[in-house]
Amino acid sequence: MKKLLVLYYSRSGNTEKMAKAVAEGAQIEGVLVDVNYHVDSQDLATYDGIAVGAPTYNHDLPMDFKNLFEEAAAKGLNLNGKVAAVFGSYGWSGEAPKLLTEILKNRFGMQVIEPPLIAKYAPDTNAITACKDLGKKVSETLMNTP
Ligand SMILES: Cc1cc2nc3c(=O)[nH]c(=O)nc-3n(C[C@H](O)[C@H](O)[C@H](O)COP(=O)(O)O)c2cc1C
């Protein structure tokens with residue numbers, strides 16, 4: 001059984017809706033999906049893949065994620081080659097998913113599905129479908145990764 005974590009931060013619920021749709025789409029046979037808004041850094045290594053949802057506030061990544069990934073790096077956590085995907089709601093500039101993609105790829109050597117999936121404010125039905133598709137793609141990638 002492969003293990004996928006859908007981790008998200010959300011203040012007004014928009015990225016949370018995206019996260020729930022990603023998790024729904026990721027439910028395929030052989031993949032166990034956890035959805036959470038907080039994990040300890042060492043827990044990240046217990047998953048085969050992670051999908052992270054980050055809304056943009058003040059042109060930046062949420063502080064929780066900065067701390068989480070800085071701590072993971074400081075502890076020397078090995079996420080090399082693991083599958084990742086990034087998504088997030090935004091209002092006008094949407095830096096967070098790009099910043100997160102850079103961190104997961106360049107600092108941790110993760111195999112990130114690109115481009116990140118973004119939705120302006122509340123995800124509409126098209127965005128929800130895209131989230132489900134992304135979840136499915138992550139799980140299928142996990143199943144095809146030894
Ligand atoms: C105080 C504040 C600052 C924000 N800063 C940005 C920003 O710099 N760039 C941007 O694209 N959206 C910005 N937004 C818009 C949020 O990204 C948008 O409302 C998003 O849907 C929030 O997602 P959430 O409901 O998952 O928290 C900001 C919103 C607030 C309330």
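Keep in mind that the numbers below use all heavy atoms, side chains included, and drop hydrogens, waters and symmetry copies. When a ligand or atom number is given, it counts from 1 through the structure's own listing order.
By the 3.5 Å distance cut-off applied to N or O atoms, Asn14 is counted among the residues near ligand 1.
When hydrogens are left out, the protein atom nearest atom 12 (N) of ligand 1 is Gly91 N, 3.0 Å; that is the closest non-hydrogen contact. In terms of protein heavy atoms, atom 21 (O) of ligand 1 is closest to Ser89 OG, 2.6 Å. Atom 9 (N) of ligand 1 has its closest protein heavy atom at Ser93 OG, 2.7 Å. In terms of protein heavy-atom proximity, atom 23 (O) of ligand 1 is closest to Pro55 CB, 3.4 Å. With respect to atom 16 (C) of ligand 1, the closest heavy atom belonging to the protein is Thr56 O, 3.5 Å.
How far CG of Leu5 is from CG of Leu7: 5.0 Å, rounded to the nearest 0.5 Å.
The Gly94 neighbourhood of ligand 1 comprises atoms 10 (C), 11 (O), with distances under 4.0 Å to a heavy atom of that residue. The Tyr121 neighbourhood of ligand 1 comprises atoms 18 (C), 19 (O), 21 (O), with distances under 4.0 Å to a heavy atom of that residue. Of all atoms in ligand 1, listed by their number and element, those nearer than 4.0 Å to a heavy atom of Ser12 are 22 (C), 24 (P), 25 (O), 27 (O). Every atom of ligand 1 is numbered from 1 in the order shown, and the set under 4.0 Å from a heavy atom of His59 is 7 (C), 8 (O). Of all the atoms in ligand 1, the ones that sit under 4.0 Å from a non-hydrogen atom of Ser10 are 24 (P), 25 (O), 26 (O), 27 (O). For ligand 1 and Asn58, the ligand atoms under 4.0 Å from any heavy atom of the residue are 3 (C), 4 (C), 5 (N), 6 (C), 7 (C), 8 (O).
Counting heavy atoms from C-beta outward, Met143 and Ile28 have side chains that approach closer than 4.5 Å.
Remark: the Ser10 side chain and the Glu16 side chain contain no N/O donor-acceptor pair separated by less than 3.5 Å. In summary, the side chains of Asp34 and Tyr47 do present a donor paired with an acceptor at a separation below 3.5 Å, with no hydrogens or angles considered.
Taking the ring axis of Phe69 as reference, the NZ or CZ atom of Arg107 does not stay both within 45° of it and closer than 6.0 Å to the ring centre.
Salt-bridge check for Glu140 with Lys136: passed, with a basic side-chain N closer than 4.0 Å to an acidic carboxylate O.
Taking each of Trp92, Tyr90, Tyr57 in turn, the one with a heavy atom nearest to atom 30 (C) of ligand 1 proves to be Tyr57.
Atom CE of Met63 has 12 or fewer neighbouring heavy atoms from other residues, nucleotides or ligands inside a 6.0 Å radius.
Side chain of Thr56 to main chain of Ala96: a donor-acceptor pair is present (N/O by atom type, distance under 3.5 Å, no hydrogens or angles).
Between Gln111 and Gly81, the closest heavy-atom pair is OE1-O, 3.5 Å.
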